[in-house]
Amino acid sequence: MTVFFGIRQIATAALAALCLQAPARAEEISVTQWGASLYGTPYAVAMEKGLFKQAGIDITGIIGSGGGGTTVRNILASATPYGEVAVSAALAAKAQGLDLIIVNTGTRSVAEASMVTMPTSDIKSVEDLVGKKVAITSPKSVSEMLFLMVLKEKGIDQSKVQRVAAGGYVPALTMLEQGAIVGSVLIEPLSIIRKDKYRTVYKAGDILKPMTTSVGITTRKFAQENPEKLKAIIAGRRAGVQAIYKDPAETAKIIEKLYKLEPAVAKEAVDNMIGPKMWSEGEFSISELNRMVEGLKLIGEVKADVDWSAVLDKSFLPADLQAKQ
């Protein structure tokens with residue numbers, strides 16, 4: 001069976017008891033953007049430390065998944081249709097009439113995103129981008145959405161800055177180095193690996209408030225028929241998040257192996273996400289969900305406010321997280 005995902009206390013007493021009563025069946029999971037984004041860190045940590053097994057589900061391997069609509073399709077085709085995807089992908093699937101529910105929050109920070117320029121550039125601030133060209137990865141991408149949100153926060157008309165679709169972060173940097181643009185969007189850990197080559201214009205996390213960036217989804221049918229398995233997956237991931245914050249240095253060592261990074265780069269990547277609390281234990285924040293919706297409106301992915309009561313189901317979260325708002 002495959003589970004798809006588009007990256008302090010290890011489990012509740014009830015789930016621990018369940019684990020003791022019946023050996024957990026070995027499973028594989030698929031993490032969206034596995035090995036390319038820090039979203040999957042809780043799963044890597046939970047696997048390494050045996051936390052999924054303690055929660056009642058034995059995760060033994062990771063299968064990569066591309067993200068977005070691809071991840072949603074993989075989830076629906078899986079025998080265990082649970083996955084962590086971008087909020088935009090979840091809402092798009094719901095809008096298409098798929099009977100999906102959101103059961104937990106994944107990540108809640110944009111601290112890994114930034115814009116860079118060349119060291120000798122006269123671009124010193126967001127305001128200096130007015131009348132210039134900057135690179136995003138693609139139209140309606142997260143990179144474009146965050147850039148537009150930054151402009152809005154700074155009171156800058158988005159039409160005053162020309163956006164060029166580069167097709168990816170590395171091609172955008174090539175355009176920057178060739179002088180075709182004055183600024184390029186970037187994301188960790190690439191921004192850390194290449195930090196000596198560029199100068200940071202801004203970090204998105206310094207300008208924008210926390211927002212929900214990924215969520216766990218499943219089908220309503222699976223949730224109704226497999227509530228304990230779903231709770232175990234969520235509890236195991238939560239345990240991984242708690243372990244990250246308890247011991248960032250140990251987490252960096254795990255990430256170092258997973259991403260094949262230099263030790264200093266892995267440590268900096270993890271440390272940068274500790275302060276803004278990138279990884280949620282799973283609880284929902286309506287205000288943080290709504291901030292993401294406002295961003296999706298800017299790129300035309302969402303047309304109206306979302307009725308979260310029709311989309312969210314927090315009944316599979318641990319009791320203490322259900323009480324949070």
Side-chain angles (χ1 to χ4, degrees), residues 1-6 8-32 39-63 65 71-72 74-85 90 93-94 98-107 212 214-244 279-284 308-325:
M1 184 177 332
T2 303
V3 183
F4 291 88
F5 293 95
R8 303 170 186 122
Q9 298 171 339
I10 45 184
T12 63
L15 286 173
L18 178 64
C19 182
L20 291 173
Q21 291 169 7
R25 176 182 172 181
E27 310 269 352
E28 286 186 324
I29 65 172
S30 178
V31 178
T32 185
Y39 297 143
T41 303
Y43 310 109
V45 172
M47 279 186 55
E48 182 74 15
K49 297 175 69 66
L51 302 178
F52 278 119
K53 191 171 185 178
Q54 291 182 41
I57 185 166
D58 186 14
I59 303 298
T60 59
I62 298 292
I63 300 172
S65 183
T71 303
V72 173
N74 286 343
I75 291 168
L76 295 177
S78 172
T80 305
Y82 170 88
E84 186 171 315
V85 300
K94 189 71 175 176
L98 300 178
D99 193 19
L100 299 176
I101 53 174
I102 297 174
V103 292
N104 67 284
T105 293
T107 50
T212 302
S214 67
V215 289
I217 65 172
T218 189
T219 63
R220 199 176 302 274
K221 183 176 185 291
F222 178 77
Q224 292 172 344
E225 296 179 354
N226 301 274
E228 295 307 317
K229 179 169 288 188
L230 184 55
K231 290 177 182 179
I233 293 170
I234 293 171
R237 182 196 172 279
R238 182 194 193 187
V241 172
Q242 293 170 338
I244 290 171
W279 301 282
S280 166
E281 291 189 17
E283 72 274 16
F284 295 115
W308 294 111
S309 65
V311 184
L312 306 181
D313 187 339
K314 59 183 180 181
S315 65
F316 303 97
L317 295 171
D320 61 317
L321 297 186
Q322 292 185 38
K324 293 185 177 182
Q325 186 65 33

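Because only heavy atoms are used, hydrogens play no part in the values below, and waters and symmetry mates are left out as well, while side chains stay in.
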Heavy-atom distance under 4.5 Å between the side chains of [X] and [Y], does that happen here?
{"X": "Leu321", "Y": "Lys314", "answer": "no"}
{"X": "Asn226", "Y": "Tyr82", "answer": "no"}
{"X": "Ile244", "Y": "Pro42", "answer": "yes"}
{"X": "Phe284", "Y": "Thr212", "answer": "no"}

Taking atom [atom1] of [X] and atom [atom2] of [Y], what is their separation to the nearest 0.5 Å?
{"X": "Ile217", "Y": "Leu312", "atom1": "CD1", "atom2": "CG", "answer": "12.5 Å"}
{"X": "Asp58", "Y": "Met47", "atom1": "CG", "atom2": "CE", "answer": "9.0 Å"}
{"X": "Ile233", "Y": "Glu84", "atom1": "CD1", "atom2": "CD", "answer": "11.5 Å"}

Closest heavy-atom contact between [X] and [Y]?
{"X": "Ala232", "Y": "Gly56", "answer": "CB-C, 4.2 Å"}
{"X": "Val241", "Y": "Ser280", "answer": "CG2-O, 3.5 Å"}
{"X": "Ala46", "Y": "Gly236", "answer": "CB-O, 3.6 Å"}
{"X": "Thr105", "Y": "Arg237", "answer": "O-NH1, 3.9 Å"}
{"X": "Ala243", "Y": "Leu51", "answer": "CB-CD1, 4.1 Å"}
{"X": "Gln322", "Y": "Ser315", "answer": "NE2-O, 3.3 Å"}

Between the main-chain N or O of Leu317 and the side-chain N or O of Arg238, is there a donor-acceptor pair closer than 3.5 Å?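 Not confirmed, Arg238 side chain does not pair with Leu317 backbone.
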
Strictly distance-based, threshold 3.5 Å: is any side-chain N or O of Lys94 a donor or acceptor partner for the main-chain N or O of Leu100?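 A pair under 3.5 Å: yes.
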
Among all residues two or more places apart in sequence or in another chain, which pass the side-chain contact (heavy atoms from CB on, under 4.5 Å) test with Ala223?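 Scan of Ala223 (side-chain contact (heavy atoms from CB on, under 4.5 Å), adjacent residues dropped) gives Ile101, Thr218, Leu230, Phe316.
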
After noting the C-alpha distance and the side-chain angles of Asp99 and Thr219, does the key distance pass the side chain to side chain contact (heavy atoms under 4.5 Å, CB included) rule? CA-CA 6 Å; Asp99 193 19; Thr219 63; 6.0 Å; no

